[in-house]
**Student:** 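Just passing along the structure, written as structure tokens.
Throughout, protein chains are lettered first and strands after them, A, B, ... in sequence-line order, and every chain is numbered starting at 1.
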There are 2 protein chains.
Amino acid sequence: MSQQRHGSTPGEAGGVPAFPDLPEATIARLPEYLRALHHLAETGAETVSSEGLAAAAGVNSAKLRKDLSHLGSYGTRGVGYDVSLLVAQIEYILGLDENRAVCLVGVGNLGHALAGYAGFASRGFRVVALFDTDPKKVGEQINGLTVRHLDDLERIAAEESIAIGVIATPPGTAQTVADALVAAGVTSILNFAPGVLSVPSNVDVRKVDLAIELQILSFHEHRKASLTALPGGRAAAASPDKQPEDQEAVGS
Amino acid sequence: MSQQRHGSTPGEAGGVPAFPDLPEATIARLPEYLRALHHLAETGAETVSSEGLAAAAGVNSAKLRKDLSHLGSYGTRGVGYDVSLLVAQIEYILGLDENRAVCLVGVGNLGHALAGYAGFASRGFRVVALFDTDPKKVGEQINGLTVRHLDDLERIAAEESIAIGVIATPPGTAQTVADALVAAGVTSILNFAPGVLSVPSNVDVRKVDLAIELQILSFHEHRKASLTALPGGRAAAASPDKQPEDQEAVGS
DNA sequence: CGCGATTTGTGCACGCCTTCACAAGCGCCT
DNA sequence: AGGCGCTTGTGAAGGCGTGCACAAATCGCG
């Protein structure tokens, strides 16, 4: 929902390949393909079929082919996709070849964990700065980084060319932090605080609300329970739209 | 706070089946509505219009009305929705009135933070058990809970009626943990480990991959950068910027 | 050199979701 | 009592995404 509509821009320069405007749903799956491809690359595979990659990524093979076709023709009929070529292409599209600098605001329980999350570093991101407003936390060393006061954000963001900010504060201060990030030139925000952020239209926001995920699961629990508890009839006809993903996951 | 006039309380309804099968997209938004409603209730509002609630939840008002209409008719034309009634109804639908027990597997960096995440407790969930396989972690006290060995999962899950499990382990062990959870009778899994899980069709899985969120933001950064690099000042002047959408949401 | 096996890329149909636009319903004011 | 303004609930239209099914393309082999 934090998505915005982007008009296709015909403006084609010469050097760099034009930027295909991919469906939002496709973009959201590319990282998953990328992870699966890296895994395949480690096992020594040089090529992979759409069927194989789709299984590793947990999606339908037709969907995967359509997704990849939006990037251009990087497969060979009768053979499959060149793993390393596809990795490079997806990483380019996602802008991961720039090893993006990320800052994190709010070094509480969750922020602390995020600051040390290995998954960020291993997938193209560098957490280069931590911020908080609590005097007791400012100055603290976390994972080799010193926690700075939020007031220093603008200066440091400029020095480090930070374009992505992560908000891990309590809900009450999230909007204030978002404003500060925007003022500092940050144009992409990952928000872990519950609530709606108001930002200029040129800033992208993605929200992760951990409790919401549990609540959605809770709904399904409730639904399942009410079905099995039904006295007459349609109890057995459960699971109308389940995920049919029953295939090999990443083994090991 | 006093909502008793509605004879068909949750649980049993005459006109509408006790459990309407809601569109998946609607379900995903209900928690957001619920949060906004709680916020409104704290400010003392007794009723709210679809316009007002939609703004607070960051969605289109027509969408909100359609979503709520799926639950039944809980609004009054010309007036709006009764806040406390709607809260009760959504909480019932989401199954939050049962204060669900949740267990968490993997007490690493992230798991540690999740174990102490206040947002869970305040929104209808109790983290009742922590598990790990690392002998150095088993026995540790976190947030008033003792970390148990994964081998004890089946027994404790039964004792505590745990239906929801959270996986916060490294990717390599996620599938093993998922299998253990399923064996212990858990039917809903929230997975923070990258990768695809394979589970029986009666088990629901939701995945949260923090790195993927950043990668999606990175894509938009890349796209924005390639646009501003375009020749011609149209980008700033003619401003083909997105639809105004509904900024200015959370009325401060 | 041609043939068959294999796999990609895609046209098409279908279903879900979103959005608009408006009639129906409700309360308040005169 | 009646009218008026406000708000919900919903029919209809359009857009987006998914999955099927197949033609086109490529490789290996005889």
**Student:** Report yes if a side-chain nitrogen or oxygen of A:Asn60 is closer than 4.0 Å to either non-bridging phosphate oxygen (OP1 or OP2) of D:dG17; otherwise report no.
**Tutor:**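 Checking A:Asn60 against D:dG17: no side-chain N or O falls below 4.0 Å of OP1 or OP2.
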**Student:** Please tell me if A:Thr76 has a side-chain N or O lying less than 4.0 Å from either OP1 or OP2 of C:dT8.
**Tutor:**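 So the side-chain polar atoms of A:Thr76 never come under 4.0 Å of the phosphate oxygens OP1 or OP2 of C:dT8.
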**Student:** Checking salt bridge (Lys or Arg N to Asp or Glu O under 4.0 Å) for the pair A:Asp204/B:Lys224: CA distance, chi angles, key distance, verdict?
**Tutor:** CA-CA 10 Å; A:Asp204 286 291; B:Lys224 280 185 280 197; 2.9 Å; yes
**Student:** Around atom CG of A:Asp97, are there more than 12 heavy atoms from other residues, nucleotides or ligands closer than 6.0 Å?
**Tutor:**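 Result for CG/A:Asp97: enclosed.
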**Student:** Of the nucleotides C:dT7, C:dG9, C:dC20, which has the atom closest to the A:Ser69 side chain?
**Tutor:**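 Comparing C:dT7, C:dG9, C:dC20 against the side chain of A:Ser69, the answer is C:dG9.
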**Student:** Looking only at the side chains, is there a donor atom on one of A:Thr47 and A:Asp82 sitting less than 3.5 Å from an acceptor on the other?
**Tutor:**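 The answer is no; no qualifying pair exists.
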**Student:** Round to the nearest Å and state the distance from B:Leu64 atom CG to C:dT18 atom C1'.
**Tutor:**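 Computing the B:Leu64:CG to C:dT18:C1' distance gives 13 Å.
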**Student:** Is the distance from OP1 or OP2 of C:dT7 to the nearest side-chain N or O of A:Ser49 less than 4.0 Å?
**Tutor:**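 The answer is no; no side-chain N or O of A:Ser49 sits under 4.0 Å from OP1 or OP2.
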**Student:** Using the side-chain heavy atoms of A:Ala62, tell me which of these nucleotides is nearest: D:dG9, D:dG19, C:dT18.
**Tutor:**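 Between D:dG9, D:dG19, C:dT18, the one nearest the side chain of A:Ala62 would be D:dG19.
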**Student:** Tell me which donor-acceptor pairs under 3.5 Å the side chains of residues 70-80 of chain A have, and how far apart each pair is, sequence neighbours excluded?
**Tutor:**
residue : atom : partner : partner atom : Å
A:His70 : ND1  : A:Lys66 : O            : 3.1
A:Tyr74 : OH   : A:Gln89 : OE1          : 3.3
A:Tyr74 : OH   : A:Gln89 : NE2          : 3.2

**Student:** When the distance from CD of A:Glu51 to P of D:dG19 is rounded to whole Å, what number comes out?
**Tutor:**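 From A:Glu51 CD to D:dG19 P: 13 Å.
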**Student:** Which angle, rounded to 10°, do you find between the first-five-pair axis and the last-five-pair axis of the helix from C:dC1-D:dG30 to C:dT30-D:dA1?
**Tutor:**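 For the helix from C:dC1-D:dG30 to C:dT30-D:dA1, the axes at opposite ends meet at about 10°.
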**Student:** CG of B:Asp21 versus C1' of C:dC16: gap in Å, rounded?
**Tutor:**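 So the two atoms are 13 Å apart, to the nearest Å.
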**Student:** I need the CG-C1' distance between A:Asp67 and C:dT10, as an integer number of Å.
**Tutor:**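 So the CG-C1' distance, A:Asp67 to C:dT10, works out to 13 Å.
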**Student:** Specify the separation, in whole Å, of atom CG of A:Leu68 and atom P of C:dT7.
**Tutor:**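 Taking CG of A:Leu68 and P of C:dT7, I get 16 Å after rounding.
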**Student:** Testing A:Leu37, A:Leu86, A:Leu40 for side chain to side chain contact (heavy atoms under 4.5 Å, CB included) with A:Tyr81, which one passes?
**Tutor:**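 Exactly one option meets the side chain to side chain contact (heavy atoms under 4.5 Å, CB included) with A:Tyr81, and it is A:Leu86.
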**Student:** Taking donor-acceptor contacts at under 3.5 Å, does the side chain of A:Arg77 reach the base of D:dT26?
**Tutor:**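 Between D:dT26 and A:Arg77, which were checked side chain against base, a qualifying N/O pair under 3.5 Å is absent.
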**Student:** Any chance the side chains of B:Ser84 and B:Glu46 put a donor and an acceptor closer than 3.5 Å?
**Tutor:**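 Looking only at side-chain atoms, B:Glu46 and B:Ser84 do not form any donor-acceptor pair under 3.5 Å.
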**Student:** Looking at A:Lys63, I'd like to know whether one of its side-chain N or O atoms comes within less than 4.0 Å of OP1 or OP2 on D:dT18.
**Tutor:**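 Result: yes.
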**Student:** Report the C-alpha distance between A:His220 and B:Glu24 in whole Å, list the side-chain angles of each, state the deciding distance to 0.1 Å, and finish with yes or no for side chain to side chain contact (heavy atoms under 4.5 Å, CB included).
**Tutor:** CA-CA 10 Å; A:His220 289 295; B:Glu24 200 61 36; 3.2 Å; yes
**Student:** How many whole angstroms separate atom CG of B:Leu71 from atom P of D:dG9?
**Tutor:**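 So the CG-P distance, B:Leu71 to D:dG9, works out to 10 Å.
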**Student:** Would you please confirm or rule out a distance under 4.0 Å between OP1 or OP2 of C:dG9 and any side-chain N or O of A:Tyr81?
**Tutor:**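 For C:dG9, OP1 or OP2 has a side-chain N or O of A:Tyr81 closer than 4.0 Å.
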**Student:** Roughly, in whole Å, what's the span from CD in B:Glu24 to C1' in D:dG17?
**Tutor:**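 Taking atom C1' of D:dG17 as the reference, CD of B:Glu24 is at 15 Å.
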**Student:** Just how far, in rounded Å, is P of D:dG9 from NE2 of B:His70?
**Tutor:**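 Distance, rounded to whole Å: 12 Å.
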**Student:** With DNA chain D as reference, determine whether A:Gly78 or A:Arg29 sits nearer its 5' end, using the nearest nucleotide of each.
**Tutor:**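 Here A:Arg29 is the residue nearer the 5' end.
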**Student:** Look at the side chain of A:Lys66 and decide which nucleotide, out of D:dT18, C:dT8, C:dC17, has an atom nearest to it.
**Tutor:**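 It is D:dT18.
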**Student:** Which of the following nucleotides, C:dT18, C:dA21, C:dG9, is nearest to the side chain of A:Arg65?
**Tutor:**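 Among C:dT18, C:dA21, C:dG9, the one nearest the side chain of A:Arg65 is C:dG9.
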**Student:** Looking for any heavy atom pair under 4.0 Å, which part of the strands does B:Thr26 touch: base, sugar-phosphate only, or nothing?
**Tutor:**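 No contact.
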**Student:** Any donor-acceptor pair under 3.5 Å linking the side-chain atoms of B:Ser198 with those of B:Gln175?
**Tutor:**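 No, no side-chain donor-acceptor pair sits under 3.5 Å.
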